[in-house]
S.K.: 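Below: one structure in structure tokens.
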Amino acid sequence: MKIKTYVADNVQEAFYKVKTELGKDAIILQTKHIKKGGFMGFFAKNMVEVVAANDISSTFNTPKKPLNPTLPDTAAKYENLTDFVKIDKIKTDVEEVKNMLNKLCSEQKQQEIRTNIDVPLPLKKFHDRMFEMQVAHDIIHMIISNATNNLTDTDINNKAELYKLVKNEIVSLIDIIEPIELSNKKNTIAFVGPTGVGKTTTIAKLAAHFSLYENKRVAMITADTFRVGAIEQLRLYGDLLEIPVFVIYSPEDIKNILADTNDYDILLVDTMGFSPNNRMQIKKIKGLLDSINPNEIHIVVSAATKNQDLVDILNNYKELQYEKIIITKLDETKCYGMLLNAIGVSNGCKLSYLTMGQNVPDDIEIASADKIADMILGESENV
């Protein structure tokens with residue numbers, strides 16, 4: 001096995017050097033960005049360092065060793081077979097590592113391609129800010145590209161105009177905000193989402209708002225009989241707000257509860273939270289929603305959710321046919337890119353509310369495209 005280190009201006013050039021010298025079966029062991037040259041830390045050039053090795057499968061093409069003459073024939077064959085199995089397992093493990101490393105390098109290469117866009121110097125700080133906020137790369141590309149097309153000579157040296165230019169692109173992506181819309185009839189609003197995102201607290205905040213500020217007859221319904229303390233938590237809020245709480249223990253309870261709440265203006269339904277990967281439980285929630293037949297379904301997601309987890313949640317919960325998104329726990333993160341990413345992943349769903357604490361009925365507000373754009377771009381830093 002031959003291991004070599006290659007340094008190049010970019011990943012593509014480094015990979016070309018690897019393949020040219022070590023062949024197409026070379027294994028990439030490590031890829032990292034380094035700085036090279038310069039003087040006393042200044043003017044150093046960004047480079048890529050790749051550590052690679054040639055195909056090591058030949059290492060295991062060991063010559064057959066003769067059967068051990070001191071062992072009976074059967075035992076000798078067994079010894080040889082055991083060696084073969086061990087070598088075969090090592091080959092399999094090496095191949096898995098090789099595939100994993102190649103996949104990792106491929107993903108890194110794609111990420112560099114997405115982020116290495118031609119950014120005009122006046123817009124670079126906005127590009128970097130969105131990258132720090134963990135806005136998805138394709139969304140950053142779209143915003144910067146559109147802003148570049150609308151950039152004029154008079155904007156280049158005008159800090160306020162540049163900020164406004166990029167902000168308008170973000171606002172246009174958010175499009176329309178849609179909070180709960182009440183009709184003259186009974187309104188049934190359901191909330192879905194993973195465990196721990198704050199569905200119950202959010203429902204209590206909305207119940208307080210509609211009861212105290214809009215003078216509506218509100219009832220809360222929970223089907224979350226799985227989480228310890230979930231029913232007690234909602235009942236505590238109900239007692240404080242003087243709002244009734246109904247519990248669905250079985251499918252048979254649904255019809256009776258809907259009949260008992262026929263005179264209420266709005267029903268807020270809390271569903272059980274599960275992992276987005278638990279397909280069986282998601283189907284159970286789907287059956288519950290089909291029986292309740294809500295007017296609106298809001299998916300609740302924490303602002304602290306990682307981007308890949310956000311993709312999994314929104315995609316796996318699509319079966320529940322949610323139309324609106326509530327982002328909670330804004331006070332628990334300083335990276336607000338997921339607010340834009342959620343809109344991109346959900347394919348046309350609208351933001352409804354933002355929450356930022358545990359206080360009931362406070363710490364909730366209708367989502368604002370202007371506010372979200374300012375949070376992502378850092379209003380105090382740019383205006």
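Residue indices begin at 1 and follow the sequence shown.
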S.K.: Could you check whether any side-chain N or O of Y353 sits under 3.5 Å from a backbone N or O of I180, counting only pairs where one atom can act as donor and the other as acceptor?
M.R.: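 Side chain of Y353 to backbone of I180: a pair is present.
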S.K.: Any heavy-atom pair between the side chains of V7 and K17 that's under 4.5 Å?
M.R.: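 SC-SC contact between K17 and V7 ruled out.
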S.K.: Can a donor-acceptor pair be found, under 3.5 Å and without considering hydrogens, that links the side chain of N295 to the backbone of I189?
M.R.: no
S.K.: Whether the side chain of D309 engages the backbone of T305 through a donor-acceptor N/O pair (distance < 3.5 Å, no angle test) should be reported.
M.R.: no
S.K.: Does any part of the side chain of L289, heavy atoms only, come nearer than 4.5 Å to the side chain of Q321, both counted from C-beta?
M.R.: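 Of all side-chain heavy-atom pairs linking L289 with Q321, none is under 4.5 Å.
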S.K.: Answer yes or no: is there a donor N or O on one side and an acceptor on the other, between the side chain of T271 and the main chain of F191, under 3.5 Å?
M.R.: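 Judged by distance alone, yes, a pair lies under 3.5 Å.
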S.K.: Report the C-alpha separation of K159 and K125 in whole Å, then their side-chain angles, then the decisive distance to 0.1 Å, and conclude whether the side chain to side chain contact (heavy atoms under 4.5 Å, CB included) test is met.
M.R.: CA-CA 11 Å; K159 189 175 180 181; K125 67 177 181 179; 3.5 Å; yes
S.K.: Under 4.5 Å between side-chain heavy atoms, hopping through other hydrophobics if needed: is there a path connecting I144 to V171?
M.R.: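 No, separate clusters.
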S.K.: Using a 3.5 Å distance criterion without hydrogens, assess whether the side chain of E296 forms a donor-acceptor pair with backbone atoms of E181.
M.R.: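 Side chain of E296 to backbone of E181: a pair is present.
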S.K.: Shortest non-hydrogen contact from A373 to K167?
M.R.: CB-CG, 3.6 Å
S.K.: Measure the spacing between CD of E319 and CZ of R279 and express it to the nearest 0.5 Å.
M.R.: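 E319 CD to R279 CZ: 5.0 Å, rounded to 0.5 Å.
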S.K.: Please report the shortest heavy-atom distance between L339 and M375, naming the atom on each side.
M.R.: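 Shortest heavy-atom contact: CD1-CE, 4.2 Å.
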S.K.: Taking I139 as the starting point, is it possible to reach M133 by hopping between hydrophobic residues whose side chains are less than 4.5 Å apart?
M.R.: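 Result: yes, single cluster for both.
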S.K.: If you define the side chain from C-beta out and look only at heavy atoms, does anything of H298 sit under 4.5 Å from T202?
M.R.: no
S.K.: Return the CD1 to CG distance between I376 and L340, rounded to the nearest 0.5 Å.
M.R.: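 I376 atom CD1 to L340 atom CG measures 3.5 Å (nearest 0.5 Å).
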S.K.: Where is the tightest heavy-atom contact between A14 and A8, given as atom of each residue plus distance?
M.R.: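 Taking every non-hydrogen atom into account, N-CB, 3.6 Å.
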S.K.: Do other residues, nucleotides or ligands put more than 12 heavy atoms under 6.0 Å from the CD atom of E161?
M.R.: yes
S.K.: Between K199 (side chain) and I299 (backbone), is there a donor-acceptor pair under 3.5 Å?
M.R.: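 Answer holds: no.
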S.K.: Would a distance-only check, ignoring hydrogens and angles, find a side-chain to backbone donor-acceptor pair under 3.5 Å from N187 to D265?
M.R.: yes
S.K.: Give a yes or no on whether a salt bridge exists between D290 and K286, defined as a side-chain N under 4.0 angstrom from a carboxylate O.
M.R.: yes
S.K.: Is any side-chain heavy atom of D263 closer than 4.5 Å to one of K186?
M.R.: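 Not in contact.
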S.K.: Less than 4.5 Å apart, any side-chain heavy atom of T355 and any of D363?
M.R.: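 T355 does not reach D363 side chain to side chain.
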S.K.: Listed by chain and number, what are the side-chain contact (heavy atoms from CB on, under 4.5 Å) partners of V311, not counting sequence neighbours?
M.R.: Q308, N315, V345
S.K.: Does some side-chain heavy atom of Y237 sit less than 4.5 Å from a side-chain heavy atom of T201?
M.R.: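 T201 reaches Y237 side chain to side chain.
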S.K.: What do the steps show when you test K371 against E365 for side chain to side chain contact (heavy atoms under 4.5 Å, CB included), and what is the final call?
M.R.: CA-CA 11 Å; K371 180 174 181 176; E365 61 187 45; 2.7 Å; yes
S.K.: May I have the step-by-step check of side chain to side chain contact (heavy atoms under 4.5 Å, CB included) for N341 and V135, ending in yes or no?
M.R.: CA-CA 6 Å; N341 300 342; V135 177; 4.0 Å; yes
S.K.: I366 and I326: same hydrophobic cluster, using ILVMFWY side-chain contacts below 4.5 Å?
M.R.: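 Linked within one cluster.
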S.K.: Please check: side-chain N/O of Y322 versus main-chain N/O of L314, any donor-acceptor pairing under 3.5 Å?
M.R.: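 Side chain of Y322 to backbone of L314: a pair is present.
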S.K.: Would you say Y6 and M47 are hydrophobically clustered, going by side-chain heavy atoms of ILVMFWY under 4.5 Å?
M.R.: no
S.K.: Under the criterion side-chain hydrogen bond (donor to acceptor under 3.5 Å, both in side chains), I'd like the reasoning laid out for D374 against Y336: C-alpha separation, chi angles, the key distance, then a yes or no.
M.R.: CA-CA 10 Å; D374 288 335; Y336 306 115; over 6 Å; no
S.K.: Test side chain to side chain contact (heavy atoms under 4.5 Å, CB included) on L267 and L258 and set out the steps.
M.R.: CA-CA 9 Å; L267 308 180; L258 292 179; 4.1 Å; yes
S.K.: Looking at G273, is its backbone amide N or carbonyl O close enough to the side chain of T195 to form a donor-acceptor pair, meaning the two atoms are under 3.5 Å apart?
M.R.: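 Yes: the side chain of T195 pairs with the backbone of G273.
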S.K.: Hydrophobic clusters here meaning ILVMFWY residues chained together by side-chain heavy-atom distances under 4.5 Å, can you tell me if F126 and F131 are in one?
M.R.: yes
S.K.: Between L173 and M142, is there a side-chain heavy-atom distance shorter than 4.5 Å?
M.R.: yes
S.K.: Do L354 and I372 come close enough that some side-chain heavy atom pair is under 4.5 Å?
M.R.: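 L354 reaches I372 side chain to side chain.
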S.K.: Please name all residues satisfying ring pair (Phe, Tyr, Trp, His ring centres under 6.0 Å) with Y213, sequence neighbours left out, ordered by chain then number.
M.R.: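 Residues passing ring pair (Phe, Tyr, Trp, His ring centres under 6.0 Å) with Y213: H209.
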S.K.: Looking only at non-hydrogen atoms, find the nearest pair between A342 and I327 and report the distance.
M.R.: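 Looking at all heavy atoms of both residues, the shortest contact is CB-CD1, 4.5 Å.
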S.K.: Who pairs with I343 by side-chain contact (heavy atoms from CB on, under 4.5 Å), at least two apart in sequence or on another chain?
M.R.: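 Listed in chain order: I174, L351.
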